[in-house]
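The structure under discussion appears below in the form of structure tokens.
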Amino acid sequence: MFLPVDPSKLNSLWDSLKVSLCEVEHSEIVSGGHFNPIAAQRLSRQDAESVIARMKELNYVRIGTGRMSPVPPHFGAHLDCEKSKASLMEYLGVDSSHDRIVRDISLLVDFVFFEIKSLVELTIPFRCEEVEVQGFAARYNSDQDCTIICRM
């Protein structure tokens, strides 16, 4: 069963994630807050450490797990001080196909808004209006080239 886990509550998950990024193909879809999907690949140890360092700087990180082993997708977001707005900064998936991305972002919306009751807005740094989660609306902002997902 897939379960996104907060690595700050299970510190060993960071080491498991590093091993997974080096041994299993992942696709970096959002990196440093920018949408730049790359084909699924195994990361070098240095690249894996860089991804983890960026994620550790964020105040909302969820590592996807199956039987407590890392399984994509993995997400990292920046929350404002009131925890009312969040921006997706890191996203690693199985692949960068459009259908997979929509599914993963829908999963993120379900989890982040459920966990953080005060959250009213999640910014995704690419066009992804197809996300359909009951109780939420997604709208594309062409000026900033992002999708904003809000509670309805």
Side-chain angles (χ1 to χ4, degrees), residues 1-18 20-21 26-38 43 47-152:
M1 179 175 141
F2 178 83
L3 182 67
V5 175
D6 180 353
S8 70
K9 295 187 173 144
L10 185 63
N11 226 9
S12 64
L13 199 50
W14 288 118
D15 291 332
S16 298
L17 178 61
K18 183 173 15 174
S20 176
L21 292 174
H26 290 71
S27 181
E28 277 187 87
I29 298 165
V30 174
S31 178
H34 301 284
F35 179 64
N36 188 21
I38 59 170
L43 299 181
D47 288 343
E49 288 172 353
S50 177
V51 167
I52 290 169
R54 289 193 311 268
M55 291 181 91
K56 283 183 173 181
E57 294 293 317
L58 299 170
N59 53 3
Y60 181 87
V61 175
R62 293 300 177 267
I63 306 300
T65 64
R67 299 181 187 216
M68 296 315 292
S69 294
V71 176
H74 312 299
F75 302 103
H78 172 73
L79 295 166
D80 69 2
C81 2
E82 293 86 31
K83 294 186 177 179
S84 63
K85 294 184 178 181
S87 297
L88 182 63
M89 302 299 289
E90 300 292 330
Y91 162 32
L92 293 104
V94 172
D95 64 55
S96 58
S97 69
H98 182 73
D99 289 344
R100 174 69 72 168
I101 289 173
V102 169
R103 195 195 100 212
D104 288 351
I105 296 299
S106 297
L107 183 71
L108 172 64
V109 169
D110 268 340
F111 279 102
V112 72
F113 281 96
F114 176 78
E115 284 185 286
I116 305 171
K117 303 296 184 206
S118 59
L119 190 66
V120 294
E121 182 178 292
L122 172 64
T123 301
I124 308 296
F126 54 89
R127 187 175 208 137
C128 192
E129 297 165 294
E130 298 90 342
V131 172
E132 291 185 20
V133 178
Q134 189 173 3
F136 299 93
R139 66 179 164 76
Y140 179 67
N141 179 327
S142 59
D143 293 337
Q144 297 179 350
D145 192 25
C146 65
T147 301
I148 300 170
I149 300 172
C150 302
R151 290 186 193 269
M152 294 184 357

Within this structure, what is the [atom1]-[atom2] distance for the pair [X] and [Y], rounded to the nearest 0.5 Å?
{"X": "C146", "Y": "R139", "atom1": "SG", "atom2": "CZ", "answer": "8.0 Å"}
{"X": "S31", "Y": "L92", "atom1": "OG", "atom2": "CG", "answer": "8.0 Å"}
{"X": "L21", "Y": "K18", "atom1": "CG", "atom2": "NZ", "answer": "10.0 Å"}
{"X": "L17", "Y": "S69", "atom1": "CG", "atom2": "OG", "answer": "11.5 Å"}
{"X": "S20", "Y": "D15", "atom1": "OG", "atom2": "CG", "answer": "12.5 Å"}
{"X": "I148", "Y": "Y140", "atom1": "CD1", "atom2": "OH", "answer": "10.5 Å"}

Check: [Y] and [X] side chains under 4.5 Å, non-hydrogen atoms:
{"X": "E28", "Y": "H26", "answer": "no"}
{"X": "V51", "Y": "D47", "answer": "no"}
{"X": "I149", "Y": "F113", "answer": "yes"}
{"X": "R103", "Y": "V94", "answer": "no"}
{"X": "P73", "Y": "L107", "answer": "yes"}

Ignoring hydrogens, what is the shortest heavy-atom contact between [X] and [Y]? Give both atom names and the distance.
{"X": "P70", "Y": "I63", "result": "CB-CG2, 4.2 Å"}
{"X": "F2", "Y": "G64", "result": "CE1-CA, 3.4 Å"}
{"X": "M68", "Y": "L13", "result": "O-CD1, 4.3 Å"}
{"X": "L79", "Y": "K83", "result": "CD1-CG, 4.3 Å"}
{"X": "L88", "Y": "L122", "result": "N-CD1, 4.4 Å"}
{"X": "C128", "Y": "V102", "result": "SG-CG2, 4.1 Å"}

Keeping [X] on the side-chain end and [Y] on the backbone end, is there a donor-acceptor pair under 3.5 Å?
{"X": "S106", "Y": "V131", "result": "no"}
{"X": "T147", "Y": "I124", "result": "no"}
{"X": "T65", "Y": "L3", "result": "yes"}
{"X": "E90", "Y": "G32", "result": "yes"}

- Query: Can you say whether the rings of F126 and Y91 are parallel (under 30°), tilted (30 to 60°) or perpendicular (over 60°)?
  - Reply: parallel

- Would Y60 and H78 satisfy side chain to side chain contact (heavy atoms under 4.5 Å, CB included), going step by step from the backbone distance to the final call? CA-CA 6 Å; Y60 181 87; H78 172 73; over 6 Å; no

- Any side-chain donor near an acceptor of the partner, S97 and D95, under 3.5 Å: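 A pair is found: one side chain offers a donor N or O, the other an acceptor, under 3.5 Å apart.
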
- Query: Any luck finding a side-chain donor-acceptor pair between R54 and S50 under 3.5 Å?
  - Reply: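 Distance-only check passes for R54 and S50.
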
- Task: Take I29 and F35, measure what side chain to side chain contact (heavy atoms under 4.5 Å, CB included) needs, and give me the verdict at the end.
- Result: CA-CA 6 Å; I29 298 165; F35 179 64; 3.7 Å; yes

- Within a radius of less than 6.0 Å around CD of E49, do more than 12 heavy atoms belonging to other residues, nucleotides or ligands occur?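 Enclosed.
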
- Message: Atom NZ of residue position K117 - does it have more than 12 heavy atoms of other residues, nucleotides or ligands inside 6.0 Å?
- Response: yes

- Item | From CA spacing to verdict: side chain to side chain contact (heavy atoms under 4.5 Å, CB included), E57, M89 | CA-CA 10 Å; E57 294 293 317; M89 302 299 289; over 6 Å; no

- Would you sort out whether L58 and F75 count as a side chain to side chain contact (heavy atoms under 4.5 Å, CB included), showing the intermediate values? CA-CA 10 Å; L58 299 170; F75 302 103; over 6 Å; no

- Message: Applying the side-chain contact (heavy atoms from CB on, under 4.5 Å) criterion to P4, which one of H74, R62, E115 satisfies it?
- Response: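 Filter result, single survivor: R62.
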
